[in-house]
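A quick write-up on the structure given underneath.
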Amino acid sequence: MFRPQIPAVDAAAVPADAILLDVRENDEWAAGHAEGAVHIPMSEVVARIAEVPDGGRVHVVCRVGGRSAQVTQYLIAQGMDAVNVNGGMLDWEAAGRPVVDGAGGGYVL
């Protein structure tokens with residue numbers, strides 16, 4: 001079966017002012033997320049599509065990149081400019097990108 005190539009970018013290459021959509025579950029989000037990210041769990045994206053930020057490329061992130069790839073494909077099918085963040089939050093933190101926990105403190109894997 002043919003699977004279209006999903007646009008992707010490495011975590012280190014995501015612009016500092018990028019629109020970042022985190023599609024992980026609530027407990028994953030609370031444990032640590034990129035500051036300024038919008039949180040919509042993957043299972044809620046279809047119902048909450050109106051909450052996906054408008055006005056530019058949406059960088060979609062999960063823990064390692066699998067769920068975010070699926071959401072990226074869905075957003076593109078809806079006519080949005082979306083790109084998957086390769087390696088997810090694991091690569092985001094490994095690249096030294098800023099991460100906060102639910103209380104605004106530092107993130108520990």
Side-chain angles (χ1 to χ4, degrees):
M1 180 172 132
F2 174 74
R3 294 189 66 161
Q5 183 69 24
I6 297 171
V9 63
D10 290 334
V14 175
D17 62 348
I19 298 169
L20 191 65
L21 174 63
D22 190 322
V23 298
R24 295 174 302 149
E25 295 301 316
N26 292 328
D27 60 330
E28 295 173 292
W29 168 265
H33 57 270
E35 191 169 14
V38 173
H39 179 231
I40 305 175
M42 179 180 171
S43 62
E44 299 175 18
V45 169
V46 173
R48 297 174 59 188
I49 189 76
E51 296 176 45
V52 176
D54 198 3
R57 173 168 283 172
V58 178
H59 294 74
V60 188
V61 66
C62 64
R63 181 168 170 82
V64 296
R67 289 172 286 177
S68 55
Q70 293 176 54
V71 172
T72 298
Q73 189 172 24
Y74 173 75
L75 295 177
I76 290 169
Q78 304 313 303
M80 300 182 80
D81 181 7
V83 61
N84 187 39
V85 177
N86 280 333
M89 287 303 296
L90 292 180
D91 280 6
W92 183 273
E93 203 219 3
R97 303 299 301 262
V99 182
V100 296
D101 63 19
Y107 178 76
V108 179
L109 284 176

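The figures here come from the full heavy-atom set of this structure, side chains too, leaving out hydrogens, waters and symmetry mates.
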>> Strictly by salt bridge (charged side-chain N to carboxylate O under 4.0 Å, His left out), give each pair with a member in residues 76-89 just once, sequence neighbours left out.
In response: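 Every salt bridge (charged side-chain N to carboxylate O under 4.0 Å, His left out) pair that includes a residue of residues 76-89, provided the two are not neighbours, is R57-D81.
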
> What is the distance from atom CE of M42 to atom OG of S68, rounded to the nearest 0.5 Å?
Replying inline: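 One gets 9.0 Å once the value is rounded to the nearest 0.5 Å.
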
Would a 4.5 Å heavy-atom cut-off, applied to side chains only, mark [X] and [Y] as touching?
{"X": "C62", "Y": "V71", "answer": "no"}
{"X": "V100", "Y": "H33", "answer": "yes"}
{"X": "H39", "Y": "N26", "answer": "yes"}

>> Taking CG in D27 as the centre, count heavy atoms belonging to other residues, nucleotides or ligands within less than 6.0 Å. Is the count above 12?
In response: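 Result for CG/D27: enclosed.
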
> Is the number of heavy atoms from other residues, nucleotides or ligands within 6.0 Å of CD (E44) greater than 12?
Replying inline: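 More than 12 within 6.0 Å, yes.
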
> So which heavy atom on A82 is nearest to which on L75, and how close?
Replying inline: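 It is CB-CB, 3.8 Å.
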
> Can you name the closest pair of heavy atoms from N86 and A8 and give their distance?
Replying inline: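 Heavy atoms only, the tightest pair is OD1-CB, 3.4 Å.
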
Treat each ILVMFWY residue as a node, draw an edge where side-chain heavy atoms are under 4.5 Å apart, and state whether [X] and [Y] are in one component.
{"X": "W29", "Y": "I40", "value": "no"}
{"X": "V45", "Y": "M80", "value": "yes"}
{"X": "V38", "Y": "V58", "value": "yes"}
{"X": "V60", "Y": "V9", "value": "no"}
{"X": "M89", "Y": "V85", "value": "yes"}

Under the rule for salt bridge (charged side-chain N to carboxylate O under 4.0 Å, His left out), what residues qualify as partners of [X], not counting sequence neighbours?
{"X": "E51", "result": "R48"}
{"X": "D10", "result": "none"}
{"X": "R67", "result": "E28"}

>> Give me each pair satisfying ring pair (Phe, Tyr, Trp, His ring centres under 6.0 Å) with a member in residues 53-74, each pair once, sequence neighbours excluded.
In response: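 Matches after skipping sequence neighbours: none remain.
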
Residues 11-23 side chain polar contacts: donor-acceptor under 3.5 Å, at least two apart:
| residue | atom | partner | partner atom | Å |
| --- | --- | --- | --- | --- |
| D22 | OD1 | R24 | N | 3.0 |
| D22 | OD1 | R24 | NE | 3.0 |
| D22 | OD2 | R24 | NE | 3.1 |
| D22 | OD2 | R24 | NH2 | 2.7 |

